[in-house]
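Protein chains get the first letters and strands the later ones, always in sequence-line order, with residue 1 at the start of each. Values below: every heavy atom of this structure, side chains too, minus hydrogens, waters and symmetry copies.
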Protein chains: 4
Amino acid sequence: MFSISHEVKFYETDLMGIVHHSNYLRFFEEVRVAWARAKGIVDYQKPETASFLAVVDTAVKHKKPCFFGDHLRVDIEGKMEGVLILFQYRLVKESNNEVAAYGKTSHVGLNKDYKIQRLKPELVKLLEKEIWTETWHLNL
Amino acid sequence: MFSISHEVKFYETDLMGIVHHSNYLRFFEEVRVAWARAKGIVDYQKPETASFLAVVDTAVKHKKPCFFGDHLRVDIEGKMEGVLILFQYRLVKESNNEVAAYGKTSHVGLNKDYKIQRLKPELVKLLEKEIWTETWHLNL
Amino acid sequence: MFSISHEVKFYETDLMGIVHHSNYLRFFEEVRVAWARAKGIVDYQKPETASFLAVVDTAVKHKKPCFFGDHLRVDIEGKMEGVLILFQYRLVKESNNEVAAYGKTSHVGLNKDYKIQRLKPELVKLLEKEIWTETWHLNL
Amino acid sequence: MFSISHEVKFYETDLMGIVHHSNYLRFFEEVRVAWARAKGIVDYQKPETASFLAVVDTAVKHKKPCFFGDHLRVDIEGKMEGVLILFQYRLVKESNNEVAAYGKTSHVGLNKDYKIQRLKPELVKLLEKEIWTETWHLNL
């Protein structure tokens with residue numbers, strides 16, 4: 001399992017005093033990019049390499065509100081499903097190990113003209129080796 | 001059907017040249033607040049009235065990328081489902097009437113201590129009268 | 001004077017219950033793009049035309065906090081200053097005509113390689129005809 | 001001197017392929033909160049303690065564009081100036097030690113009703129001991 005740690009920023013809160021729900025998709029992107037970079041897929045010198053991750057759909061299930069200063073561990077797992085890449089996520093509060101949210105995003109390879117393109121063989125091979133925990137998904 | 005119009009801002013784009021996917025949840029919130037305000041539920045003088053809309057889950061299905069300057073019509077429909085309020089959304093490009101995205105969010109009443117609270121009867125009554133188009137949902 | 005109207009969104013607030021200060025630069029961009037588009041400089045079909053507006057510096061002076069649902073009128077004025085384009089802004093609460101903030105941004109023409117480029121003569125001519133209210137600037 | 005490290009996120013870029021200028025104020029907030037927390041002023045268990053940092057004005061000077069994946073060191077220095085707290089910032093690209101931006105924000109103590117309140121003596125004492133590099137300021 002691949003994870004990052006994210007500390008909730010003041011600017012990520014809203015007037016309810018909690019993290020605005022749109023930011024969860026940003027936390028997921030943060031761990032997804034870190035995962036892709038750790039695997040050698042995204043090259044920061046060539047930002048267009050991040051574009052293979054074009055988003056097809058997203059889903060988030062909120063279990064607990066997150067607050068300013070919370071330390072969140074964001075877990076990610078990936079797998080292939082036909083032409084799509086699926087990622088699922090789990091947000092865990094580091095202070096008490098509670099799950100704050102589950103998430104899911106699916107992606108497709110796009111070229112510069114926003115047309116679907118075949119995934120690189122090395123990425124397909126890499127995803128075949130990933131772990132996929134079925135229970136996360138059941139929460140969505 | 002209730003709708004707003006949203007013109008895509010420069011700051012809503014990312015380096016792929018399209019609207020960043022996290023912003024779709026903000027467009028949905030924009031129409032949800034406008035809907036709630038038009039129905040007399042959200043009172044801007046009492047921002048805490050917006051808090052009844054605490055987000056439980058969200059889902060977005062992307063059909064077409066959106067670009068800087070695009071004029072989007074954002075449609076919303078709501079209904080009750082047990083203790084939850086469900087909203088569904090449709091994003092339509094005004095230039096060519098193409099659907100850019102479908103979405104769904106569910107909500108629960110929360111008080112200031114983030115505990116679930118019963119929905120006000122006038123809101124329940126209001127939601128019972130709303131239209132719900134089953135076909136939007138099928139895209140999610 | 002050129003102006004737009006902006007209604008404060010829920011997602012633009014933070015846990016202090018007011019608009020997060022980083023959003024003021026987005027409101028300024030919103031009116032700047034609207035101004036440039038009204039003048040025929042920015043063409044939404046060619047998003048790269050917006051890039052001439054590369055930001056060199058920004059300044060904001062806050063006079064009053066802005067709240068969820070506030071209707072803000074955002075005024076803009078522009079002028080040339082050597083190789084730079086200067087814009088200044090005034091945020092006015094429509095409910096009571098109070099000034100909520102003043103702002104200033106300066107810009108330079110950049111090409112696709114992030115190198116400075118000469119401004120188009122039609123833009124220079126246009127800016128020479130703009131009004132510039134000296135008193136806004138004094139608040140910064 | 002107090003510093004944090006910030007890695008530029010995909011969602012912090014815009015269609016020019018660089019970090020959107022509004023995000024610099026968020027980077028400054030990030031280091032300011034980290035500074036205040038390191039000094040024992042902001043307590044994450046009491047988010048209202050962050051509110052003493054109400055923003056009066058902000059200024060940013062951009063020297064170099066920042067890109068997706070850039071590692072930025074964000075330096076901060078603080079001092080008192082009458083009733084205001086001043087902070088100044090320097091953004092340095094860790095890859096080549098180039099300064100990407102300078103910044104400045106000033107703040108005032110506000111209570112929950114958005115009224116100015118006197119700063120706590122321990123904060124005043126703390127700020128008197130801080131270093132202030134005059135040359136950063138000259139760039140603004």
Q: How about NZ on A:Lys64, more than 12 heavy atoms from neighbouring residues, nucleotides or ligands closer than 6.0 Å, or not?
A: no
Q: How long is the straight-line distance from CZ of B:Phe87 back to NZ of B:Lys79, given to the nearest 0.5 Å?
A: 12.5 Å
Q: Counting heavy-atom pairs closer than 4.5 Å to chain A, which one of B:Lys104, B:Glu29, B:Lys63 comes out on top?
A: B:Glu29
Q: With only heavy atoms counted, which part of A:Asn23 is less than 4.5 Å from chain B, the side chain, the backbone, both or neither?
A: side chain
Q: Most heavy-atom pairs under 4.5 angstrom with chain B, which of A:Val60, A:Thr105, A:Asp14?
A: A:Val60
Q: Verify, without hydrogens or angle tests, whether B:Glu77 (side chain) and B:Thr133 (backbone) share a donor-acceptor contact under 3.5 angstrom.
A: yes
Q: Going by side chain to side chain contact (heavy atoms under 4.5 Å, CB included), B:Leu91 matches just one of B:Val99, B:Leu72, B:Asp75, B:Asp70. Which one?
A: B:Leu72
